[in-house]
Amino acid sequence: MASSMDLDQIEFDFPPFARVYKGGRLERLLGTTTVPPSDEDPETGVASKDVVISPETNVSARLYLPKLVDPSRKLPILVYYHGGGFCVETPYSPTYHLFLNRLVAQANLVAVSVDYRRIPEHPLPAAYDDSWAALQWVVAHATGGTEPWLREHGDFTRLVVGGDSAGANISQNMAMRATGKDEIISGALLIHPYFWGTEAIGKEPTDPADRSKIDALWTFAWPSSSGQDDPHVNPVAAGPTSLKELGCKQVLVCVAEKDILRDRGWLYYNTLAKSGWDGVVEMFESNGEDHGFHLFNPACENAAVMMKRLADFFSP
C-alpha cells in the first residue's frame, strides 16, 4: 500500500496550470473561479446566458449577444474555445467572461464560448470531440434549432471558430475536421496557438531539458498520441501541402514576440500561405508581449490594439 508521502509526490507539474499527484489528486492552479452570466454587462451592454449542449457529456456553453441596434440585422457568429493547456479555465471564469464581453461588443457578433471536457479526467481527444459536437449544435441552427439568439440573430455565412493557446489548437483541428463539410465555417481565429514539434525551430530552446517542459503537456494531454509530431499538435509535420484542405476561407494568426510558441505560429502561417489552400491567411504580432498577455493585462495598450484587430476580422 502506498504511503501518504508517496501519494503526495508530484507526478506532473505544469505551472501555472496544474499539478497531478501520484495518488491521483488533481490541483488546478488557475481558472477555478467563475462568474454568472448577465442580462446586461454594465461595461458593454452585452447579454449572456448559459446553455447545455449535450447532457450525456456535460458539454455546455456561455452565449453572448451584443446590444441590438437593428434586431433584424444578422450578425457574425464566433464559436470560441478557451485556452488553459486543455486542463484549466472555463468559459465561466472572470478572464474569459471579460474578454468575450468586450470582443462581442466591439465586433458586434454572437458568440458561443464552449465548455469542453478537460484533462486529465478526460484525456484528448475528448476536448476535440466535445468542440466538434458544439460546432455541429451551432450549425444546426442555420435550419432550425432551439436557441433563439442563434436562430434569430446569427449569420451562418459568417461563422468563425476561434480560441487562444489550446483553444487555438482546437480551432485549427475543427477547421481540418470541417474539410468537405459544405463550408460550415468561414474562418478561423488562432490566438497564440499551441503548436509544437519534435525538432526546435527559430528561437525555441534546443536543450532537451527545456523542451521537455512543453513536451510533457502534450504527452499528459493525450498519452496514446503518436508524439510531438502528431498532426493535432504539429499541423505542418506532414509537409507543405498538409493544410491545403483546411475547411475555411479566412484565417488570422496572432502571435506575441516573447511567446515561446511564437515561431510555431509563424511556421503555421507561412506553411498555410504556401500550401495551395484556396483562402486568405493574415498574421498579427504583438511586439514586446508574451503568451496570453491580452487576457492577463486586458487594460494595456497592446491589448486594445489587438482587440481592434480581432474585431476587424469580422468586418464585412
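Nothing here was measured: the structure is a model prediction, and the numbers come from that model. For the single chain, residues carry numbers from 1 onward in sequence order.
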Would a 4.5 Å heavy-atom cut-off, applied to side chains only, mark [X] and [Y] as touching?
X    : Y    : result
L124 : W218 : yes
V79  : I185 : no
S186 : V160 : yes
P298 : R102 : yes
R309 : C254 : no
P193 : Y268 : no
Y194 : S165 : yes
D115 : R62  : no

Are more than 12 heavy atoms, taken from residues, nucleotides or ligands other than [X], located less than 6.0 Å from that residue's [atom1] atom?
X    : atom1 : result
E199 : CD    : no
E183 : CD    : no
D39  : CG    : no
E301 : CD    : no
D70  : CG    : yes

| task | Could you check N302, V305, I191, L103 and say which one makes a side chain to side chain contact (heavy atoms under 4.5 Å, CB included) with H294? | result | I191
| query | Between L135, L78, L150, which is the residue that forms a side chain to side chain contact (heavy atoms under 4.5 Å, CB included) with L159? | reply | L135
| request: Show your working on side chain to side chain donor-acceptor pair (under 3.5 Å) between W196 and E204 and close with a plain yes or no. | output: CA-CA 10 Å; W196 200 238; E204 289 179 359; 6.0 Å; no
| M306 side, atom CE; K308 side, atom NZ - distance, nearest 0.5 Å | 14.0 Å
| remark: Interatomic distance, CG@D229 vs OG1@T198, rounded to 0.5 Å, equals 3.5 Å
Check for a donor-acceptor pair, side chain of [X] on one end and backbone N or O of [Y] on the other, with a separation under 3.5 Å.
X    : Y    : answer
Y116 : H82  : yes
D155 : K74  : no
W277 : T271 : no
S275 : L272 : yes
Q9   : K22  : no

| field | Any side-chain donor near an acceptor of the partner, E147 and W137, under 3.5 Å | value | no
| task | Taking atom types as modelled, find out whether Y81 and N169 have a side-chain donor-acceptor pair closer than 3.5 angstrom. | result | no
Which donor-acceptor pairs under 3.5 Å do side chains of residues 85-93 form with protein atoms, sequence neighbours excluded?
residue	atom	partner	partner atom	Å
E89	OE1	S93	OG	2.8
T90	OG1	Y92	N	3.0
T90	OG1	S93	N	3.4
Y92	OH	S60	OG	2.6
S93	OG	T90	O	3.3
S93	OG	Y96	N	3.4

| task | Heavy atoms only: give me the nearest G292-H192 pair and the separation to one decimal. | result | N-ND1, 2.9 Å
| Are D259 and R264 close enough for a salt bridge, meaning some N to O gap below 4.0 Å? | no
| query | Among all residues two or more places apart in sequence or in another chain, which pass the ring pair (Phe, Tyr, Trp, His ring centres under 6.0 Å) test with H153? | reply | none
| query | Are H97 and Y64 close enough that their ring centers fall under 6.0 Å? | reply | yes
